[in-house]
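Structure first, commentary second.
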Amino acid sequence: MTRALLSATAMAVALNLLPIQLLADETRMTPYTDPQGRFSLIKPEGWQTYAAGPLVALTSPEGDIALWFGMSDAKQATDAVTSAWWAAGEVAPDPQTIVPAPTREGFDKATAFVYPPADGQFRQAVVEELDGQLFVTLLRGSLAALERRGAQVNIAVTGFQPTDAAGIDLTGVVPSQLDAADLAALGSYVEENRVLFDVPGAVVAVVQDGEVLLVQGFGLRSAGGTELVTPDTRMMIGSVGKSMTTLLMAGLVEEGLLDWNQPVQDILPDFAVADPELSKTITVENLVCACSGVPRRDMEFLFNARELDAEAVIASLASFEFFTAFGEAFQYSNQLVATGGWVAAAAAGSRWGDLDDGYATALAKRVFEPLGMTRSTLDFDEVQADGDYAVPHAPHGSGQRRGLKVQTEAALLPVAPAGAHWSTGADMARYLQALLAVGTADGLIAPESFAHLTTPQVPVSASMSYGLGWFVETWRGQRLIHHGGNTFGFTSELAFLPEAGAGIVILTNAGRANDFVRAVRTRFLEILFEQPQSHHDGALIARTEATRQANELAGAAPIPSGSAHAAEGRYHSPVLGEVSLVRERGRLVLDIGEFSGELRIDPRQPGRWVIWEGPLFTYPIAYESETCVLTFGEGATAYDFVPLE
């Protein structure tokens, strides 16, 4: 699964990660050109535009998010930001930090300004430079609002560019035929940066023109161990598994056992969301388009994983409300995608009460077995009995990733079709071959079916949309289909260029290693088209910032004994169930049953605590000493726990 919470550098990262070309068929974004013709913007659907002195402002439909864009005559980034806030009519506090930001194509450099939260508002500024001219982006909004409309913010900030920006255009360019030297260069890049990005082990597979050119393991199955990662080492692939679920669904549609436009209740009569009318009309396709408006609510299955099965998760949807209207904004719901997998299981013949096994059986029969993916599974017992698997590693307050118990990852099983899959580099190479073979006799589904899966459904940025289990974007004029995956201790990526006939798979046993897998993916694309190495500098900037934040958290102070004593006890949430705060050897530990982690004072916001270790590392905790209420998370997905007697 992919974790998509806003971070302090979310806007700066968004500016870097996504290219600036527009999808030709995108209709829910309106181009806007500065009246003086100096820059252009993308206005998300429903947002309002107005002039704020020399700046152009965008406001969300509810008015609780504001963005400002403009150019500055200042020579220094700090002066440009000060003037911009003044022009916007905003009084911003002194920045909490000013850091270099990864540079987008079309710019020479970028600087991010991060401010401490004030009055319930999150603020950030980014200054980008091109030929000495400064371009300023400002952001202000509540965290809850930003969680609701984060994708639309992403659309706006990635669409801001000079009118004369010159990017690299590879439209129609035929890639080079990769040779041994190219593959060796890619392998060297992986190994060098695996160490730099604190990734214990990885495996990379490359396919071109139907042939597997590379499947190679790098590093260790467990940090500090001796067993090497090989092409047959099992790792979790996270949300890359969503593409397997929609592939399974597409095959059932071809067989006439399922219809994309069929109401879900026709197949699962007990399916319902909070709105009774919507419950009747939500279709099979709506479950997997990330366009329904249902927000991300992962904690609701992670906190209760041992008690949940498919039928219980489906029942929990009855409390799900919608952040936005259908098709208005990208919203990522693991529970909805998982329900798509269980719909497929029911369509394939499984009965209510047997949907988990039914999905695993249908996936094995209709995807894994035809492709020869003999080491791909959802069965944790099978993985651990086999022995050749990688240990998951999660970020830790010490600043270095540490190993987790493999069974920790079983907390994802309640939404297995959304990303609890295990696979290997060799198996994923076969999967990539099959995806690139669509349209030939070797294709698992018809070209029309795959075209449907990769048709944009909702915009994610100015250049990227979500289809059905796939992200779809352009990379320098080439159509790029991809999906990444994150579990607690694994990060993965599968990406391919269907017209160019080439793709890559990257699996790692490192949680939250998105900067590494994206760097490897981009280096592969650069080598494929004989382009100079340009993304790497931005990846290093992102890595430097991640290291800075890790060092900051490494200095987090333990909870004082008096506060720990007062807070110790059992707590209950009507949504997430029971948790405990326990003192262990001078540490205050949050125990949710499935796993636990020490709490420390958050050095970024000393008025709150932060989970300092374990799978939920960096999640914030607020404790109100007068009411003894414990609040997990923040923004639109905060959960209150009250003490139990």
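Residue numbers count from 1 along this sequence.
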Practice problem: Give a yes or no on whether the backbone of Val204 and the side-chain of Gln216 come within a donor-acceptor separation of less than 3.5 Å. | Solution: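 Here the side-chain-to-backbone pair does not exist.
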Practice problem: Would you confirm whether Ser449, through its side chain, and Ile445, through its main-chain N or O, come within 3.5 Å as a donor-acceptor pair? | Solution: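 No.
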Quiz prompt | Validation row: His393, Phe490 side chains within 4.5 angstrom (heavy atoms) | solution =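 No. Closest side-chain heavy atoms not under 4.5 Å.
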Exercise. Decide yes or no for Phe326 and Thr324: does some side-chain heavy atom of the first lie under 4.5 Å from some side-chain heavy atom of the second?
Key: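 Heavy-atom side-chain distance check fails, nothing below 4.5 Å.
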Would you call the rings of [X] and [Y] parallel, tilted or perpendicular, where under 30° means parallel and over 60° means perpendicular?
X      : Y      : answer
Tyr359 : His421 : perpendicular
Tyr466 : Phe330 : tilted
His483 : Tyr332 : tilted

Do [X] and [Y] have side-chain atoms, one donor and one acceptor, less than 3.5 Å apart?
X      : Y      : answer
Ser423 : Tyr431 : no
Gln478 : Glu499 : no
Asp169 : Thr171 : yes

Quiz item: With a 6.0 Å cut-off on ring centres, are Phe595 and Phe488 close enough?
Solution: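 They qualify: ring centres under 6.0 Å apart.
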Quiz item: Are Trp260 and His452 an aromatic pair by the rule of ring centers under 6.0 Å?
Solution: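 Ring-ring flag for Trp260/His452: true, centres closer than 6.0 Å.
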